[in-house]
Structure formats: C-alpha cells, structure tokens
Amino acid sequence: AQSVTQPDIHITVSEGASLELRCNYSYGATPYLFWYVQSPGQGLQLLLKYFSGDTLVQGIKGFEAEFKRSQSSFNLRKPSVHWSDAAEYFCAVGSFGNEKLTFGTGTRLTIIP
Amino acid sequence: EAEVAQSPRYKITEKSQAVAFWCDPISGHATLYWYRQILGQGPELLVQFQDESVVDDSQLPKDRFSAERLKGVDSTLKIQPAELGDSAMYLCASSLARTGRAGELFFGEGSRLTVL
C-alpha cells in the first residue's frame with residue numbers, strides 16, 4: 001500500500017528565509033507525487049506535481065520540489081518565504097492505475113516577521 | 001475560473017441526527033472524490049466515483065455513510081446517524097482524469113461538520 005510521511009508537524013520560518021518541507025513516500029512502482037497547500041478553513045490547492053521526466057518540478061507561488069528516487073523523497077522548497085505562505089502543506093502520492101491520492105498528515109508553516 | 005462547489009460550508013448537528021453534504025464538481029470532470037479530514041490530519045478518501053459508478057468505497061463506513069452520484073454530475077454524501085467521531089471537514093474533489101492515471105485533483109472549500 002502506498003503511504004506518505006511528513007516528519008515535521010510544525011515549522012516556523014522568518015519572512016524572507018528559505019524553506020524546505022520534507023516528504024517521504026512508500027510505493028513499489030513509480031509514484032505520482034503532489035504538494036497541496038491548505039489555508040485555514042479552506043480546501044486544498046495544488047502547488048505542483050511530478051509524474052515523470054525532470055526530477056526538479058516548478059510550481060505556483062515560487063515553490064519547487066525535487067523527486068529523489070534513491071531517498072524516496074519529494075521535498076518542497078522555496079528560496080524566500082512570504083507571510084502569505086503561512087498555511088498547512090500536504091504531500092500526496094498516487095500512481096498509474098490508481099487515481100486515489102494518499103495524503104500525509106501535513107506540515108503547518110508559521111511565518112514570523 | 002471553474003470551481004468545485006460544496007454546501008453547506010458549516011453544519012452543526014446533534015448525534016443520532018442525519019446530515020447531508022452536496023458537491024458539484026467542475027463541469028466535465030468524470031471523477032469525483034469525497035475525502036474526510038479530521039482536525040490536524042491529512043485528508044482520507046471515503047469514496048471515489050467514475051461518472052455515476054463507485055470505483056472505491058473501501059473506507060466508507062457503510063453502516064452509517066452513503067454516497068451517490070446518480071447522473072454522474074453532482075453528488076451527495078449522507079451520514080445517518082451522526083456520531084461524535086464524525087466531526088471533521090468533508091472535502092469534495094474532482095478530476096478530469098479517467099481510470100489509469102492519477103490526475104490533478106481540484107478541491108472544494110469543504111463542509112465543516114460538528115456533532116454535539
């Protein structure tokens with residue numbers, strides 16, 4: 001069965017600093033990987049996705065993620081965070097033939113001035 | 001921009017009562033999902049539809065939950081009777097992808113259920 005681990009429950013970053021959110025997945029075949037963001041009381045918005053090809057994926061709002069098969073990781077990065085980036089971030093995994101996404105437990109990002 | 005519509009946004013009910021949530025996916029999206037998100041956790045799939053057919057309802061508590069998508073467009077998720085542990089956000093999502101490829105899911109704003 002596929003699974004996702006987000007080891008950091010809560011991260012605090014200063015505005016303007018760089019950010020990296022960790023995601024590890026477990027799946028036997030080639031995974032499809034996603035990062036979603038959720039503002040309080042809202043639904044989820046897709047930041048970026050990886051299906052195949054270039055392992056460095058660019059997304060919206062200046063985010064990027066790198067797929068590392070050897071480490072079973074898909075970490076999310078941003079070079080300089082803005083106060084509006086404060087939210088909950090979810091990593092998710094799917095696969096060919098299985099449209100169901102399995103989500104991690106999320107990482108809550110707090111931005112301090 | 002097309003959106004997934006959900007209602008109601010908030011619902012407070014007493015345990016043992018019935019509750020229903022409605023979802024209207026983005027036009028043309030064949031696949032519809034209902035996820036449940038307990039506070040502090042990630043979304044968990046309850047049921048997946050491909051057009052009007054159920055593809056996966058293995059995690060749906062069928063003794064009290066039911067879901068339908070009769071015409072392959074909008075969908076209703078019902079809980080009867082509601083229990084305290086059902087308090088959660090119920091998220092609807094839709095996808096253009098058909099069977100065989102995990103596609104981008106578009107989520108609605110969710111329906112927050114509180115059971116007293």
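In the text below, chain A, chain B and the rest are named by the order of the sequence lines, each starting its count at 1.
- Contacts between A/Gln45 and chain B at a heavy-atom distance below 4.5 Å are absent for every atom of the residue.
- Residues A/Leu19 and A/Phe74 are members of one and the same hydrophobic cluster, defined by side-chain heavy-atom contacts under 4.5 angstrom among Ile, Leu, Val, Met, Phe, Trp and Tyr.
- In terms of hydrophobic clustering, with Ile, Leu, Val, Met, Phe, Trp and Tyr side chains grouped at heavy-atom distances under 4.5 Å, A/Ile112 and A/Val13 are assigned to different clusters.
- In this structure, B/Gln59 places its CD atom where only 12 or fewer heavy-atom neighbours from other residues, nucleotides or ligands lie under 6.0 Å away.
- Using a 4.5 Å cut-off between heavy atoms, B/Gln6 makes no contact with chain A at all.
- Heavy atoms from other residues, nucleotides or ligands lying under 6.0 Å from CZ of B/Arg112 number more than 12.
- In this structure, A/Leu44 and B/Tyr35 have side chains that are not in contact, with every pair of non-hydrogen atoms separated by 4.5 Å or more.
- Hydrophobic cluster membership differs between B/Leu113 and B/Trp22, with clusters built from Ile, Leu, Val, Met, Phe, Trp and Tyr side chains linked at under 4.5 angstrom.
- Note on A/Trp35: it clusters hydrophobically with A/Phe63, by side-chain heavy-atom contacts below 4.5 Å among ILVMFWY residues.
- Both A/Ile60 and A/Leu109 are assigned to one and the same hydrophobic cluster, defined by single-linkage of ILVMFWY side chains at heavy-atom distances under 4.5 Å.
- Annotation for A/Ile9: atom CD1 does not count as buried by contact number, only 12 or fewer foreign heavy atoms lying within 6.0 Å.
- A/Gln42 CD to B/Arg9 CZ: the interatomic distance, rounded to the nearest 0.5 Å, is 5.5 Å.
- B/Glu104 is not listed as a side-chain neighbour of A/Tyr32, based on a closest heavy-atom distance of 4.5 Å or more.
- Residues A/Leu101 and B/Leu105 have side chains in contact (heavy-atom distance under 4.5 Å, counting atoms from C-beta outward).
- Using non-hydrogen atoms only and a strict 4.5 Å limit, the part of residues 71-93 of chain B facing chain A consists of B/Met89, B/Leu91.
- Within 6.0 Å of atom CD in A/Glu20, more than 12 heavy atoms from other residues, nucleotides or ligands are found, so the atom counts as buried in its surroundings.
- Within the model, atoms CD of B/Glu109 and CD of A/Gln38 stand 11.0 Å from one another, a figure rounded to the nearest 0.5 Å.
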